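Numbers here simply count residues along the sequence, with the first being 1. For clarity, every value in this text was computed on a predicted model and none was experimentally measured.
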Amino acid sequence: MAIFLCFLFLLLSSATACDRCLHQSKASYISKASALSSGACGYGSLALGLSGGHLAAAVSSLYKDGAGCGACFQIRCKNSTLCSSKGTRVTITDLNHNNQTDFVLSSRAFKAMANKGMGQDILKLGVVDVEYKRVPCEYKNKNLAVIVEESSQKPKYLAIKLLYQGGQTEIVGMDVAQVGSSNWGFMSRKHGAVWETSRVPNGALQFRFVITSGFDGKWVWAKNVLPADWKTGVVYDSGVQITDIAQEGCFPCDERHWR
């Protein structure tokens with residue numbers, strides 16, 4: 001337990017404080033959303049169902065070595081003539097290697113920032129000044145999903161990716177064990193939302209996750225996720241729904257409301 005507490009402290013200490021602050025930057029767009037869905041997070045075509053296809057590649061400070069995959073942001077452009085005050089909500093599905101903009105959006109998300117009838121006008125700009133903040137992801141009718149990667153080979157190797165991670169959270173650690181066993185083995189982040197282990201327990205599998213939201217962290221236990229005859233390419237319901245929202249104080253940025 002002492003080892004775990006030390007590990008959790010280090011994870012939380014590295015978490016980004018004031019994640020809900022309003023930030024100023026620039027955003028560009030890419031024409032094909034498939035380029036973002038097939039990006040560094042590893043969601044593939046499943047990403048196209050997130051946020052109505054409003055996807056984003058984010059800079060490394062938001063991507064967070066993959067922990068930022070699946071995070072939701074409200075983003076709006078600052079051109080009041082072209083853009084609405086509401087903006088649009090996007091989900092991180094890729095890493096943006098170009099530090100000239102914090103986000104590269106799908107064209108659908110980029111147009112959604114515009115006032116009605118001005119979508120093509122904003123596309124012509126290519127790059128716009130924006131402000132954004134992190135917001136909770138909402139999947140009211142979906143639990144956290146576990147998808148077994150095609151590269152998995154029973155009983156030597158298991159790789160899974162996680163989808164529908166709700167709330168304002170990050171999964172920063174993950175363990176696996178046989179159902180009914182307390183002999184947990186850790187899994188490593190392979191890339192993005194994909195986790196792996198070469199020590200695959202026999203039988204049906206349970207998972208536990210280290211979830212952080214701001215400076216808060218906890219275990220979430222999914223007690224019976226993969227059946228003993230688990231198969232690659234299949235989406236399994238974890239039976240748990242993550243809805244935590246960061247509560248850390250963010251003075252002075254808490255004073256800057258989204259209007």
Side-chain angles (χ1 to χ4, degrees), residues 19-20 22-64 66 68-142 144-145 147 161-169 191-194 235 258-259:
D19 218 3
R20 295 168 290 142
L22 199 61
H23 299 277
Q24 314 290 324
S25 185
K26 295 179 181 292
S28 61
Y29 76 93
I30 189 168
S31 299
K32 294 184 178 180
S34 58
L36 297 177
S37 65
S38 61
C41 290
Y43 293 129
S45 60
L46 293 170
L48 298 175
L50 301 174
S51 300
H54 292 193
L55 311 179
V59 288
S60 58
S61 60
L62 300 175
Y63 180 77
K64 301 179 182 179
C69 287
C72 295
F73 287 83
Q74 194 75 16
I75 180 170
R76 63 184 178 188
C77 85
K78 297 171 68 176
N79 184 326
S80 59
T81 302
L82 285 177
C83 301
S84 71
S85 59
K86 181 180 179 181
T88 190
R89 179 173 299 195
V90 300
T91 301
I92 292 180
T93 59
D94 196 6
L95 171 63
N96 175 21
H97 296 278
N98 182 355
N99 289 325
Q100 293 180 355
T101 66
D102 278 11
F103 291 99
V104 176
L105 307 182
S106 61
S107 57
R108 179 179 296 183
F110 202 78
K111 288 192 294 184
M113 292 190 295
N115 287 317
K116 186 176 180 179
M118 307 192 79
Q120 292 303 317
D121 295 308
I122 191 174
L123 286 180
K124 291 177 182 177
L125 294 179
V127 178
V128 294
D129 292 318
V130 297
E131 54 186 9
Y132 66 88
K133 65 175 181 177
R134 188 167 179 186
V135 294
C137 298
E138 297 179 355
Y139 302 108
K140 294 180 180 179
N141 299 316
K142 293 183 182 294
L144 180 70
I147 301 100
K161 60 186 166 192
L162 305 174
L163 195 67
Y164 308 129
Q165 177 184 334
Q168 191 176 321
T169 60
H191 62 84
V194 180
V235 179
W258 188 274
R259 294 186 176 90

Indicate yes or no: at least one non-hydrogen side-chain atom of [X] is less than 4.5 angstrom from one of [Y].
{"X": "V128", "Y": "F110", "value": "yes"}
{"X": "I75", "Y": "M113", "value": "yes"}
{"X": "S85", "Y": "R76", "value": "yes"}
{"X": "D94", "Y": "L55", "value": "no"}
{"X": "Y132", "Y": "S25", "value": "yes"}
{"X": "L163", "Y": "I147", "value": "yes"}
{"X": "F73", "Y": "L62", "value": "yes"}
{"X": "H23", "Y": "R134", "value": "no"}

How many angstroms lie between [atom1] in [X] and [atom2] in [Y], if you round to the nearest 0.5 Å?
{"X": "S106", "Y": "L50", "atom1": "OG", "atom2": "CG", "value": "11.0 Å"}
{"X": "Y164", "Y": "L46", "atom1": "OH", "atom2": "CG", "value": "6.5 Å"}
{"X": "L48", "Y": "S34", "atom1": "CG", "atom2": "OG", "value": "7.5 Å"}
{"X": "S84", "Y": "K116", "atom1": "OG", "atom2": "NZ", "value": "13.0 Å"}

Tell me if the CG atom of N141 is crowded by more than 12 foreign heavy atoms within 6.0 Å.
no
Q165 side-chain N/O to C137 backbone N/O, donor-acceptor pair under 3.5 Å
no
I'd like to know if the side chain of T93 and the backbone of L36 have a donor-acceptor N/O pair within less than 3.5 Å.
yes
Closest heavy-atom contact between L22 and E131?
CD2-OE1, 3.8 Å
